[in-house]
Number of protein chains: 2
Amino acid sequence: MSVQSRVSRNIQRIRREKDLSQEEVAHRADIHQTYLSGVETGKRNPSILVVERIAKALGVDVSAIFKPN
Amino acid sequence: MSVQSRVSRNIQRIRREKDLSQEEVAHRADIHQTYLSGVETGKRNPSILVVERIAKALGVDVSAIFKPN
DNA sequence: TTGTGACTGCCAGTCCGTT
DNA sequence: AAACGGACTGGCAGTCACA
């Protein structure tokens with residue numbers, strides 16, 4: 001299990017739990033929807049600063065994004 | 001508390017607990033000692049793939065690197 | 001053994017459209 | 001609403017010589 005798939009699954013899971021769209025989260029995190037899509041599909045290798053922004057946009061602590069599944 | 005300082009503190013703490021040098025860890029993670037130094041001093045913004053490699057080099061799960069202090 | 005300043009190539013992140 | 005493709009570029013990831 002790579003970090004990428006772990007991160008992507010967690011982000012997508014949390015986002016759906018909170019019933020938010022990619023567009024909404026991307027907007028809050030000040031990144032593009034297409035990029036968030038790339039992250040959620042495990043195709044991008046985001047920096048920890050971007051991950052932090054996504055976590056904030058989701059209203060969770062960064063550590064939640066790295067929890068093993 | 002930014003991710004950067006959180007990550008840097010955790011890495012440094014774990015590395016010292018295991019009594020490893022930056023050079024040793026950097027070598028295992030296949031990155032430069034100078035770069036690891038930059039990460040540990042919170043000056044660099046590593047990608048999640050690099051953080052994963054550092055975690056492996058330290059013998060811990062990635063989530064350990066993101067634990068709040 | 002760790003940190004710094006200066007450098008450069010490349011990729012993280014953007015932006016367009018299309019499905 | 002989400003994924004994908006493709007083209008673009010600036011900033012910084014990663015390197016190096018040194019202290």
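Here the structure is a predicted model, which is why all the values come from computation and not from measurement.
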Whole-Å gap separating [atom2] ([N]) and [atom1] ([X]):
| X | N | atom1 | atom2 | result |
| --- | --- | --- | --- | --- |
| B:Arg44 | C:dT2 | CZ | P | 17 Å |
| B:His27 | D:dT15 | NE2 | C1' | 17 Å |
| B:Leu49 | D:dA13 | CG | P | 13 Å |
| B:Ile48 | D:dC12 | CD1 | P | 18 Å |
| A:His32 | D:dA7 | NE2 | C1' | 14 Å |
| A:Tyr35 | D:dG6 | OH | P | 19 Å |

Can you name the closest pair of heavy atoms from A:Asn45 and B:Ser47 and give their distance? ND2-OG, 3.1 Å
What is the minimum heavy-atom distance between B:Val25 and B:Ala57, and which atoms define it? O-CB, 3.7 Å
With side chains defined as the heavy atoms from C-beta onward, is the minimum distance between B:Lys18 and B:Glu24 less than 4.5 Å? no
side-chain hydrogen bond (donor to acceptor under 3.5 Å, both in side chains) partners of B:Ser8, counting only residues at least two apart: none
Please answer whether the main-chain N or O of B:Ser37 pairs with a side-chain N or O of B:Thr41 as donor and acceptor at a distance below 3.5 Å. yes
Five-pair end axes of the helix from C:dT2-D:dA19 to C:dT19-D:dA2, angle between them (10°): 50°
Students often get this wrong, so: under 4.0 angstrom with heavy atoms, is A:Asp30 touching a base, only sugar-phosphate, or nothing? sugar-phosphate
Give one of base, sugar-phosphate or nothing for B:Pro46, where a contact means two heavy atoms less than 4.0 Å apart. nothing
A:Gln22 and A:Gln33 side chains, donor-acceptor separation under 3.5 Å: yes
Provide a list of protein-nucleic acid N or O atom pairs under 3.5 angstrom, restricted to nucleotides 1-5 of chain D.
from, atom 1, to, atom 2, distance (Å)
D:dA1, OP2, A:Glu23, OE1, 2.5
D:dA2, OP1, A:Arg15, NH1, 2.7
D:dA2, OP2, A:Gln22, N, 2.5
D:dA3, OP2, A:Gln22, OE1, 3.4
D:dA3, OP2, A:Gln22, NE2, 2.2
D:dA3, OP2, A:Ser37, OG, 3.4
D:dA3, N7, A:Gln33, NE2, 3.4
D:dC4, OP1, A:Lys43, NZ, 3.0
D:dC4, OP2, A:Lys43, NZ, 2.3

Residue pairs passing the salt bridge (Lys or Arg N to Asp or Glu O under 4.0 Å) test where at least one lies in residues 37-60 of chain A, sequence neighbours excluded: A:Arg15-A:Glu40
Positions of residues 52-66 of chain B (non-hydrogen atom under 4.0 Å from DNA chain C), listed by number: none
For the atom pair [atom1] ([X]) and [atom2] ([Y]), what is the distance rounded to the nearest 0.5 Å?
| X | Y | atom1 | atom2 | result |
| --- | --- | --- | --- | --- |
| A:Ile48 | B:Gln4 | CD1 | CD | 5.0 Å |
| A:Leu58 | A:Leu20 | CG | CG | 7.0 Å |
| A:Ile14 | A:Glu17 | CD1 | CD | 6.5 Å |

Sequence neighbours excluded and cut-off under 3.5 Å, please list the side-chain donor-acceptor pairs for residues 59-69 of chain B, or say none.
from, atom 1, to, atom 2, distance (Å)
B:Asp61, OD1, A:Arg6, NH2, 2.9
B:Asp61, OD2, A:Arg6, NH1, 2.8
B:Asp61, OD2, B:Ser63, N, 3.0
B:Asp61, OD2, B:Ser63, OG, 2.7

Does A:Asn45 place a side-chain N or O at less than 4.0 Å from the phosphate oxygens OP1/OP2 of C:dC11? no
